[in-house]
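Quick note on labels: first sequence line is chain A, next is B, and so on, each numbered from 1.
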Amino acid sequence: MSNTQKQDERLLKVRHSMSHVMAEAVLQMFPTAQIAIGPAIDNGFYYDFDLPRALTQEDLDEITERMKHIIKEDKEFKKIVISKEEARSMFADQVYKLELIDAIPEGEEISLYNQGGFTDLCRGPHVASTKELNGEAFKLLNTAGAYWRGKETNPMLTRIYATAWTNPKDLRLYLQKLEDIEKRDHRKLGKELDLFSLHEEAGPGLVYWHPRGARIRMAIENFWREEHYKHGYEMVFTPHVGKSWLWETSGHLGFYKESMYSPMEMDKADYYTKPMNCPFHIMVYRNSKHSYRELPFRWAELGTVYRYEKAGALHGLMRVRGFTQDDAHIFCTPDQMESEIEEVLRFSLYMLRSFGFEDINAYLSTKPEKSVGDPERWAAATESLKKALESEGLAYEIDEGGGAFYGPKIDLKIKDAIGREWQLSTIQFDFNMSERFNMTFVDKDGAEKRIYMVHRALLGSIERFFGVLLEHYAGAFPPWLSPEQVCVIPVSEIFNDYAQEVLVELKKHGLRAYLDDSSDRMNAKIRNAQNMKVPYMLILGEREMQSNSVSIRYRNGKQENGAPVNDFIASVLEVVKDKKQL
RNA sequence: GCCAAAAUAGCUCAGCGGUAGAGCAGCGCACUCGUAAUGCGCAGGUCGUGGGUUCAAUUCCCACUUUUGGCUCCA
C-alpha cells in the first residue's frame, strides 16, 4: 500500500470516527433524537439526525465544545459483533437504525462500535481511540435538510456537515480553500465586474448580460462559430416556440412535461417554448429527401432553450431556466457513425483546451431505467461510443445507467484552476428521434434507410460555461476574452490628447481599449482598472509623449516602461491570437 | 418541490418596538497629479410584498416572493 493510500485510509477513519463523536455530542443535547447515518465524505463527514427542533449557530458551537470534550476523554472505539435480534432490541427506539438492520442480508456480520458514551450500528473501521482525533482539526460547517436515504418521499432529516483533518494545519488549508472558492464565486464576480444580472421581479433563473459580459460572450461565440465552420459544420437558426406536435413526437412531453414552460394557445393550437433544439433541426432535415451522397450533415446552432427548473435548484449562471446550448446535430449513415463520433471528440478536446482547460476526463453513460428503444440498439450504440473513446486513447469511466432516455452518451469533464470538476461537453447517440420522426436517407441501392443522429454540445450551456470560466480565471480572463483589453491612463489631464491618439491607434488594430479621462487621479484610475482586472494598463505622461511610447502596467503588477506603441500593439495582438493568459 | 437561514440606499453592511445610519459608487465644486482610493459638499431608502399583534412595527407573529446552504431533480 502506498503512502498516500495509507494517509487516505487514515483520514477516512478519522472522519468516520469524528462523525460518531458528533453523534454522541448531539445525543447528549437531544436525548430523544433519532440518528440515521454518518459517513466520511470528501474533506470531512456528516451525520443525519431527526431532531425535535431546528439547529442554531449556538447549537453548533455547543456541539463543537462537547465534541472537543469527548475527544479529550481518550475513549476507545470498541467493535462488538452481535446477532440481528440483539441489534433490533438494542436500537428498539431508533427507527432509522431498525430499518438499516432489517436491510442487512442474513448471514452478514452485524457490528457495533462503542466509544464509551455512544454506540452506533457500524461496519467500521475506526481509529483505536478518540485520542487519535484532534479537537483542533475539525469544524462544523453547516446544517442542511436531507431526505432519509435520499428519497424525495421519505422524511427530511437534519444533516450536519463538518470538515475534519488529522492536524490543525490541514484544517486551516482547507478553510483557506473554501475562502478562495468564495472569492471566485461567479455570482460575486459577475456583480463586481458588472458582467450580468438576474432579476427576481422579471423572472428567476433568467440571465441579463451586461455590456462587459456580452463582450466576453461575443468573444466566445465568435470563436465558436469560426471553429465550427472550419470543422465542417453549417449554422442554422430555428424558432423559439413550436406546436405541441413536435414535442409529442419527440417524446419530450411524455418524459419532461413537468419541466417545460406551460403552453401558449394560438389559433387553437398549443405552442411550447423549446426545451431542446433537436426537433427543429429535424424539421430542417425532413424538409427534403436526402441522399447518402450529401451526408453527413453537421448543423450547429447557439440555441436558447427554456426549462422550468425547480425553484430550489436555481444557482447563479450554473443552473438557470433559460440558457443557450452550443448545440449541433449530426445526421449520418451507419457507416459514418464511428468516425463522426471520433471527430466530435477531437473537436471537443480542441475547444476545451483553447479555453485553457487541460485536465479533461471522459465518462461513458449507459442505458437508464427510464428509456425508449430496443436494448440491442442500445448495446450497439454504446459499443460504438466506446470504440471512439478508445481510438482517441482517452481514459474513461463508465456511468452505469446515466444515459439520456434516447441514447447512451459520452460526457467530458474538465478540472478548473482549483481542482473542481465540471461537466461541459456531451456527445449523445440518438437512435430514437430518427424513428419517431421517421427520418431516412436514400442509400446507394436506392432503398430508404434510417438516418443516424448524434446530439452534441461542446461547451454545454453558454451561461454555465461562462460561469465556469469566470470561476476558473477568478475574473482575470486571458486577453482574448477580456471585455476590455487595454485601459489607457493619462498621468494628468494635460496628456489626454496623447492618450486619445494612442487609444485611436489601439482601436485601429481591433483591440478592446478605453481611455479613462475621468477627473480621478492616476492612482485611482490604476486601482479601478486593476479591480476590473483589465490585463494591460498604459500609463501615459510627459516621457511617453516625448518618445511616442507607452509604459505598460500589467494586471499582475509588473511593469515595462517606454515601450514603443507599435511594439506594444504587436505583442498584445500576438497574445490574443495565441489565446495566452497573462 | 423539501429542510434551514436570509432580505435595510446602485454595492457592501450596521441598527432593531418610538417610522433609519456608514463606507464605496453617483452628482457638484476645488486640486492637474508618475504606478492600487485627492479633499470638501450634495443627493439617495413607503427597511422584499401582503396580512396580523401593539398607542406605536424596519424591528414581534403569519403567509407569499426571491436569494443562500443542502436534499431531490438536471433531456
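For the contact set between residues 191-213 of chain A and RNA chain B, defined by any heavy atom under 4.0 Å, the members are K191(A), E200(A), P204(A). Of the residues in residues 252-263 of chain A, those placing a heavy atom less than 4.0 Å from an atom of RNA chain B are H252(A), Y256(A), S259(A), in numerical order. Near RNA chain B, meaning a heavy atom under 4.0 Å away, there are no residues from residues 458-465 of chain A.
Using a 4.0 Å heavy-atom cutoff across all strands shown, Q428(A) reaches sugar-phosphate atoms only and no base atom.
In terms of the side-chain hydrogen bond (donor to acceptor under 3.5 Å, both in side chains) criterion, Q34(A) has no residue partners (sequence neighbours excluded). Residues that satisfy the side-chain contact (heavy atoms from CB on, under 4.5 Å) test with E152(A), not counting sequence neighbours, are Y147(A), K310(A). Qualifying side-chain contact (heavy atoms from CB on, under 4.5 Å) partners for V550(A), counting only residues two or more places apart in sequence or in other chains: V502(A), L538(A), L540(A), I552(A), A563(A), V565(A), F568(A). The side-chain hydrogen bond (donor to acceptor under 3.5 Å, both in side chains) check on E421(A) picks up N361(A), Y363(A), with sequence neighbours excluded. Under the rule for a side-chain hydrogen bond (donor to acceptor under 3.5 Å, both in side chains), the partners of S348(A) that lie at least two apart in sequence or sit in another chain are S425(A). For E301(A), the side-chain hydrogen bond (donor to acceptor under 3.5 Å, both in side chains) criterion is met by T238(A), H281(A), not counting sequence neighbours.
For the ring pair (Phe, Tyr, Trp, His ring centres under 6.0 Å) condition, the pairs that include at least one residue of residues 541-563 of chain A, sequence neighbours left out, are Y536(A)-Y554(A).
Contact footprint of chain A on RNA chain B: nucleotides with an atom under 4.0 Å from a non-hydrogen protein atom, first to last in 5' to 3' order, G1(B) to A75(B).
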(message) As a check on the pairing definition, encode RNA chain B in dot-bracket form, counting Watson-Crick and G-U wobble pairs whose two distances are under 3.5 Å, and using | for partners outside this strand.
(response) (((((((..((((....[..)))).(((((.......))))).....(((((..]....))))))))))))....
